[in-house]
Every structure is written in structure tokens, then in C-alpha cells.
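The structure appears below as C-alpha cells.
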Number of protein chains: 2
Amino acid sequence: MTTKTKAPEAATLPLNQILGGDCIDVMNSLPAGSVDLIFADPPYNLQLKGDLHRPDNSKVDAVDDHWDQFSSFAKYDQFTQLWLAAAKRLLKPNGAIWVIGSYHNIFRVGATLQDQGFWVLNDVVWRKTNPMPNFRGKRLTNAHETLIWASRDEGAKYTFNYEALKALNEGVQMRSDWVLPICTGHERLKDEAGDKAHPTQKPESLLHRALIATTNPGDVVLDPFFGTGTTGAVAKMLGRDFIGIEREEAYRKVAERRIAKVRKFDSSALEITGSKRAEPRVPFGQVVERGMLRPGEELYSIGSRFKAKVRADGTLIGNDVKGSIHQVGAALEGAPSCNGWTYWHFKRDGKMVSIDILRQQIRAEMSEGRPH
Amino acid sequence: MTTKTKAPEAATLPLNQILGGDCIDVMNSLPAGSVDLIFADPPYNLQLKGDLHRPDNSKVDAVDDHWDQFSSFAKYDQFTQLWLAAAKRLLKPNGAIWVIGSYHNIFRVGATLQDQGFWVLNDVVWRKTNPMPNFRGKRLTNAHETLIWASRDEGAKYTFNYEALKALNEGVQMRSDWVLPICTGHERLKDEAGDKAHPTQKPESLLHRALIATTNPGDVVLDPFFGTGTTGAVAKMLGRDFIGIEREEAYRKVAERRIAKVRKFDSSALEITGSKRAEPRVPFGQVVERGMLRPGEELYSIGSRFKAKVRADGTLIGNDVKGSIHQVGAALEGAPSCNGWTYWHFKRDGKMVSIDILRQQIRAEMSEGRPH
DNA sequence: GAGGCTCATGAATCAGATC
DNA sequence: AGATCTGATTCATGAGCCT
């Protein structure tokens, strides 16, 4: 039997629960620096949701339109500043955040993120395959929403599963525009009356991509505007822990029922395509020490334009240049850098073979008998 | 013979000219309420640190021009507030503005527009068919830019040629995401040395669509960051008057030569993306993200000789071979290649169904909202 | 001419471990 | 903390050249 290893503070985190209350208060009550990722779908529309954290419910006269508008933007900014500050406090140093919005609010959110020192990594466009048309023909069909992906600080070592996303996209880099359908059909949750349970339920496919991209299994994902719990449902499927915060009890109930039905995917299915960067380093000297190449043996560049001789200490000498396989390759090519492993080749049975083959052999021997 | 009807103040406007100087000063010197549309491509405030090299070691020609340097967000905001205020003063009551930017600046611009009482009508995503890749594999390919379209005031009777855009889009409503290639080839202006004349020249197709959408023939279009004059060139083609403002004399000269060559209604301005394209490529990962197949589910080869398991990133694992549906199929068959879409099947109600059915479903959804 | 191949390049906030 | 070293990393398109 294995025990899941957790950071100490994680023991006090209310994992895989939906918390009631105001998200700012709740976030401020949780331990700082304890969350890997935050996914947030804050209220969008200033005009329709003007009661947002607003002390008075008085309706402003139409004459004062301009002032009201300015005033409600200011209120919205204040709200945004508060919940983003709380979110930043909760994140681990290498944590990151996603926020989704539309043109009604995303500029306020983006500017506030930047003002608070978050570092924007990408803005991502969710391009809807089946948006609601513009019925009156007065504007363009509003066919997308915008997500901002930002690390907690500039220079943070954020998580990005590049190879997994490339695999999801048939072998080419994932772009900043994601084409996905809106949430309809069976996936769309209904209330007792058969109406949609939440007005802006996000599709699981969107969360699937965001979580595969920027978390690893076992990570803690917090959603301060949990709604009907799409973030929690996908996190559970993918073997991530979640924390949901939702003010409305009706939504919490729907989300709880929903998530209880979700099953985690088989953990072998959750292994994703890994990065070469994660593989152990092999010093070229080991190739010489193990006798896979002999001192004095000659290596050839791609196309055999250059050659160099192996020395006993694992350095090369070629054209009076001495140094590592990388340094000599770079010097001969006049390039700023060079990956010597893929650049140099040796002769076996009259054929040119990349020295990277030797590195792979060493790695295979290293991993023998080791759990993976 | 017809005489072009003009508003009185238009007589004093420097129509179809490129003005030198700082755009804020120049705009403030022009008569208020005299311009129908402003198209602005302000500095993006890219914050680039060191050099960037491609995997082939070539150096990326970055935008390091002095006009894109700002010492802080606060300085950039101040600049934005000044030029947008000047722009608002210049607009007719029913005038509108377009601003283009990236995540580096667009949130600042959007928030300032809203703060100054502009009314956002749409944010439009320019999805680039051929963006520069992310060379280090550290983020998503930055494959789009964002345009904001806003009227001068809330409630303004702005111009929107709904039917013209619908026609441009093969009879369905134009969406808020526009798929257009970046500016290359003959359209890309070169200097005497044969290098690009301007680092950020916009494609004429983008301006064509914006001007068709939001102006009428004879309208006055002002561009305060004229650069090499794409806005002026397209305005002239389409029979609109333009006013360009550009600080750099070198750019003004290039723009003047360019626009002199342009003829009104030149058919080369026609949309190049309206043509029919091959069926869109569907990454297998989308089948997984959309929940059409679950991670852990088993796929079977034709005749069920082999099976493989679906993983969360859209790769398969079968007989210890990991990779795309195509790679795993080929490996199991010992074949050089394999079309995974027709090779693999899944079980539904006891029957074997080809996964190609799922691809067809996704394509059907994609074509519901046409990409152009 | 057609077709194929190589090469160049585009608004980019693009590394991480070890010494 | 700063310097040094290893070594991972690209897609679409047009121009130019060759067969």
C-alpha cells in the first residue's frame, strides 16, 4: 500500500470540496502558497450584473449614464483587484492562473493581472464552433471568448506540458486559438424544471485542455467561481485535486451531484507524452569511459563537413578547437550553440551513426530495474 | 457629373495626405468631430529581453525599434490615454474606432477605451494562418492578434455593413474571428537594402474587411500610426478618404510611394481567404477532449488483431508502443505508415465502429460556423 | 513549364542545471 | 548570486534554383 505524498500545508487544505461563501473571504482564510493552479470564470457583464459587491441597489438615472458607467467600471475593478490579490496569495511561487472572460470584462481583468505583477504567458481564444448568432444584425457574431494564462510572477517556472499539447494537436504545436463547441446536450446540466442549471456552464473540453496543459496529476486546482463545477469534474477525471468556492447554494448542490458521478480515468491513461528535458543528463565522458567510443576515434559532422577527434577526458579536438562536443560543434559551425549529441556521428561498418544512439543506450541501462 | 457631398468642416481637412509629427499633437490640431473612422495600430510595448534563435540557430529579427520602448505600464497607459482622448475628440458623434494589439498592450487599450466612454461593439480576433512558431516550446504559439471595435459613445448610430460582411462570408453572418494570413510576399514592402521596410506591416485583407464592415464610400478614415500606409492604401482602393499621421520620415516616404501606385477598386484587394479549402485537419486529441472517447478506453484494429488504449493527451499506448493513432497503428503492423482514422475502431453496443465517424462529427460541427 | 527541393522569415514578453 | 555549460527547440509560405 502506498501513501500519497503531500506537502505539509496540503494536509490542512479542504481538498475535493466545495466551499460556500464569498470567494474573497474564503480564499483569504486558506493557507498562502498552497495552490498549483487557479481557474477562474468571474462574472462578466457589468451592465447586467451591476449589483456586484455594490452597497446600494439604487438605479441610476439615464441622464447620468456616463457617470454610472465609470462608476460601475471602478466597482468592477475594485472587485477584480480584491479577488486577484487573494488568488495571488494562495498560489505557490511557481503557480499559475487562468481567467476567462469576454470583451465586457477581460480588459479590466488583464490590466489588473499585469498591475499586480502576474506575468501573462498567453492570451488564448476559445473559438466557438456553434456560437449564438447576432439576431439583430447590428454587430459581428460574438463567436469567441478570451482566456488569459499567467504565472504568479515574472520568471516563475510555470508548468507547461508542451509535448502533451503537441500530441493533442496531431503533432504540431498547440496554437493560442482553440476551436471547441459550447456546452450543450447531455453535458449541459439541467435543474428540476428542466432549464439550464447555470447560464454560462463551460465545456469540459476547455478545462481538459487547460488542465492537461498546465498541471500534473496530484496538483491542486482552485476555482473561486465554481458554478456547477466543470473545473472540479475535469480535475477529478484527470487525477488532480480541486477546491471549489461557490456562493450560491443551488449551484453547489448541482456541482456536488455532478462530481460524485465522475470517475477518475485509469492512471495509465493519464500518463502523457513527456519532454526530453525530463530525461536524465548523460555526460559525453561516460561514452568514452564505457568504451563505446575510443580516445583517438574520429567523429564527423552532419554532411561530414567537419571532423574531430575524441580525447580521453571526453572532450573533442578539431581544427585546433578543443572543448565539449557542444562547444566544438558550435565553434566549427560559427553558431551560437550546438547540440553535440545530434551533431556528431561516428563510423560503424562504413555507415555514419549518430552519437545520440550511444546516449540512448546508456539511458536504457540506467533505467533498467528502476521503477518508471 | 456629380459633385461629392462633403460636410463643411471636411474642406479644411488634409485629406489623402500623410502628416508628419507626433500623432497626439497633430490630432489635436485638426478640427473636432470631423472623422468617420479611426484605425490605429499603436506600439505594442513588447518587453523583449535577450536574443531569440530558431532551432536552426538563425536569429529572429525582433521588434526592437525605439518607438516600441516604454519604461513602465504607467507610461504606456499615459500615452494611451492621451492619444485615445485626441482620437475621441476627432470623431464625429457616430464615428467609431478600431485598435489592434496583442496581450502585451490590448488590455491596457481596452480598459482605457472603456474608461473614456467609448462603447465596445466587438473584440475581433485575427487568427493568423501562418504565425511564427514558439521556438523554445515554452508557451502556446502566439497565433492571433486582437482588434477592438468601439463606437465613440454608447448609443451611437455606428456604421455596420451587415449584409456586405455576410456576403464576404459565403452567406452566413461574419463572426468575431477572422482567419487571414500575415503580410508576406509581394505585398510586404522592402527598403533599398531589400529588408522589410516596417517590422509590423499589416495585411491589406485585414484593413479591407474592417473598412468594408464599418465605413461607406466617401468616409474619412484616420490612422494615427500610419507606418507604411496599409490603411491609406486600402482606403484609396475602396474609395474612402484617408488621413495618415506618421512620425518617422522613412515610413512616410515608403507609404507615399505605395499609395501613389494604388488604384481605386483594384481587384487585388479582394479577399483571398474566401476560397474553399480542403477539409480541415482534425487532431485526434479533440475526440478525447470532447469526451467522444474516454482516456483508458480501448481501440481495436481492423479484425481486432491488435488493441490499444487511449491516453488523456490523445496519444495511444499498445504493446508498449506510445504515439499518435497513426504511429501506433504503423508500429503494430510493422508498416511504414498507417491512417489511424480508418485503422482504429471502438465498441459501442457490442458493435465495432470506426473512429473516423467521430472525425466526421467534429467536421460537421466545425463547418456550422464557417471560419472565414 | 511543372514539380521538387532548399532556404529564408514572420509583433516573441521563448532555459535550466551546475559550478 | 553570478558565470558557465549543456542541450532542447519550428510552422506556413514564398522565393529561388534545379531537374
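The chains referred to below are lettered A, B, ... by the order of the sequence lines, with proteins before strands, and numbering in each begins at 1.
Both A:H326 and B:P55 lie near DNA chain D, and the one whose nearest nucleotide falls closer to the 5' end is A:H326. Toward the 5′ end of DNA chain D lies the nearest nucleotide of A:Q327, the other residue of the pair A:Q327 and B:T184 mapping further downstream. Residue order along DNA chain C, read from the 5' end via each residue's closest nucleotide, puts B:W67 first among B:W67 and B:G137.
Contact annotation for A:P336: no contact, since no heavy-atom pair falls under 4.0 Å across all strands. Nucleic acid contact class of A:C338 (heavy atoms, under 4.0 Å, all strands): base. Nucleic acid contact class of A:G340 (heavy atoms, under 4.0 Å, all strands): none. B:D41 comes within 4.0 angstrom of a base, heavy atoms only. Across all strands shown, B:N134 has heavy atoms under 4.0 Å from base atoms, whether or not it also approaches the sugar-phosphate. Note on A:K276: only backbone sugar-phosphate atoms sit closer than 4.0 angstrom, heavy atoms only; bases stay farther off. Contacts of A:R277 with the nucleic acid, taken as non-hydrogen atoms under 4.0 Å apart, involve only primed sugar atoms and P, OP1 or OP2. Nucleic acid contact for B:P131: base, since at least one base atom lies under 4.0 Å from a heavy atom of the residue. Within 4.0 Å (heavy atoms only), A:S324 reaches sugar-phosphate atoms of the nucleic acid but no base atom. Within 4.0 Å (heavy atoms only), B:K202 reaches at least one base atom of the nucleic acid.
Comparing the P positions of D:dA12 and C:dC14 gives a spacing of 23 Å, expressed to the nearest Å. Comparing C:dT13 with D:dC5, their C1' atoms sit 25 Å apart, to the nearest whole Å. Annotation: D:dA15 and C:dA11 have their P atoms spaced 16 Å apart (nearest Å). A distance of about 14 Å separates the C1' atoms of D:dT10 and C:dC7, rounded to the whole Å.
Ring orientation note: the planes of B:W83 and B:F225 are nearly perpendicular, at an angle over 60° on the 30°/60° scale. In this structure, A:W98 and A:W149 have parallel ring planes: the angle between them is below the 30° cut-off, well short of the 60° mark.
Nearest nucleotide to the A:R281 side chain, out of C:dC14, C:dT13, D:dT6: D:dT6. Picking from D:dA15, C:dA11, C:dA12 the nucleotide with the shortest atom distance to the side chain of B:M132 gives C:dA12. Across C:dT13, C:dA15, C:dA12, the shortest atom-to-atom separation from the side chain of B:Y103 is found for C:dT13. Ranking C:dA11, C:dT13, D:dT10 by closeness to the B:D68 side chain, first place goes to C:dA11. Checking D:dA8, C:dA12, D:dT10 against every side-chain atom of B:N142, the shortest atom distance belongs to C:dA12. Here the nucleotide nearest the side chain of A:R359, chosen from C:dA11, C:dA15, D:dG7, is D:dG7. The A:S337 side chain lies nearest to D:dA8 when the options are C:dT13, C:dA17, D:dA8. With distances taken from any side-chain atom of B:P133 to the nucleotides C:dC14, D:dC11, C:dA11, the minimum falls on D:dC11. Among the nucleotides C:dA12, D:dT9, C:dT13, the one closest to the side chain of B:V60 is C:dA12.
In a base pair of the Watson-Crick type (N1 to N3 plus N6-O4 or O6-N4) or a G-U wobble (N1-O2 and O6-N3), with each distance short of 3.5 Å, C:dC19 is matched with D:dG2. Judged by Watson-Crick or G-U wobble contacts below 3.5 Å, the nucleotide D:dG7 has no partner. Pair check for C:dA8 finds D:dT13; Watson-Crick or G-U wobble, both atom distances under 3.5 Å.
Salt-bridge formation is not detected for the pair A:K309/A:E298: no Lys NZ or Arg NE/NH1/NH2 atom is positioned less than 4.0 Å from an Asp or Glu carboxylate oxygen. Under a 4.0 Å N-O distance rule, the pair A:R127/B:D177 qualifies as a salt bridge.
In terms of heavy-atom proximity, A:I106 sits nearest to A:G101 at CD1-N, 3.7 Å.
The base of C:dA11 is not paired with the side chain of B:K128 by any donor and acceptor separated by under 3.5 Å. Below the 3.5 angstrom threshold, one finds a donor paired with an acceptor across the side chain of B:R139 and the base of C:dT13. B:R54 contributes a side-chain N or O that forms a donor-acceptor pair with the base of C:dG10 under 3.5 Å. Interface remark: the A:W119 side chain does form a donor-acceptor pair with the C:dT13 base, using a distance-only criterion of under 3.5 Å.
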- Query: Hey, mind stepping through A:L91 and A:I38 against side chain to side chain contact (heavy atoms under 4.5 Å, CB included) and telling me if it holds?
  - Reply: CA-CA 8 Å; A:L91 284 174; A:I38 291 176; 3.8 Å; yes
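The side chain of B:K196 contributes an N or O atom lying less than 4.0 Å from OP1 or OP2 of C:dG10.
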